[in-house]
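Since we're looking at a predicted model, the values are computed, not measured.
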Amino acid sequence: RGLKKHADAALVLLHVHGWIKHNLSAYEPQLHPRYVKDGVLLITAENSIAAQELQMQKEVLLSALQEHGTKCVRELRIERS
């Protein structure tokens with residue numbers, strides 16, 4: 001019962017990593033999907049340029065997650081690491 005949330009979160013992180021690799025490949029080494037908790041996906045960025053590029057693509061990423069059937073993410077939070 002409790003494992004489903006963990007499995008769903010792991011699947012989201014896998015999709016996000018692939019999306020970053022495909023759509024923001026120049027910033028892939030600086031962007032790190034961390035966790036999904038209470039509908040919030042946290043991605044850390046090593047520098048402000050990577051964070052800004054991700055911020056500009058935020059809605060595209062959330063739409064891509066919805067297309068994959070990932071309903072557990074409602075919000076994307078970007079933090080500097």
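- Put simply, CG on D8 and CG on L13 are 11.0 Å apart, with the number rounded to the nearest 0.5 Å.
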Show me the side-chain donor-acceptor pairs of residues 62-71 shorter than 3.5 Å, one per line, residues at least two apart or across chains.
from: S63; atom 1: OG; to: E59; atom 2: O; distance (Å): 3.0
from: Q66; atom 1: NE2; to: T70; atom 2: O; distance (Å): 3.4
from: Q66; atom 1: NE2; to: V73; atom 2: O; distance (Å): 3.4
from: T70; atom 1: OG1; to: L65; atom 2: O; distance (Å): 3.4

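- There is no path of hydrophobic side-chain contacts, each under 4.5 Å, that joins L14 to I20.
- R77 has no carboxylate O lying under 4.0 Å from a charged side-chain N of E79, or vice versa, which leaves the two without a salt bridge.
- Under the ring-ring contact (aromatic ring centres under 6.0 Å, His included) criterion, H17 pairs with no residue, sequence neighbours left out.
- The shortest non-hydrogen separation linking V12 to C72 is CG2-SG, 3.6 Å.
- Put simply, V16 and V60 are part of the same group of oily side chains (I, L, V, M, F, W, Y) that touch within less than 4.5 Å, one to the next.
- In this structure, CD1 in I78 is found 3.5 Å from CG in L54, a value given to the nearest 0.5 Å.
- Between N23 and Q57, every side-chain heavy-atom pair lies at or beyond the 4.5 Å cut-off.
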Atom pairs and distances, donor-acceptor, side-chain atoms in residues 37-52, under 3.5 Å, two or more places apart:
from: T44; atom 1: OG1; to: H32; atom 2: O; distance (Å): 3.4
from: T44; atom 1: OG1; to: R34; atom 2: NE; distance (Å): 3.0
from: T44; atom 1: OG1; to: R34; atom 2: NH2; distance (Å): 3.4
from: E46; atom 1: OE2; to: H32; atom 2: NE2; distance (Å): 2.8
from: N47; atom 1: OD1; to: I49; atom 2: N; distance (Å): 3.2
from: N47; atom 1: OD1; to: A50; atom 2: N; distance (Å): 2.7

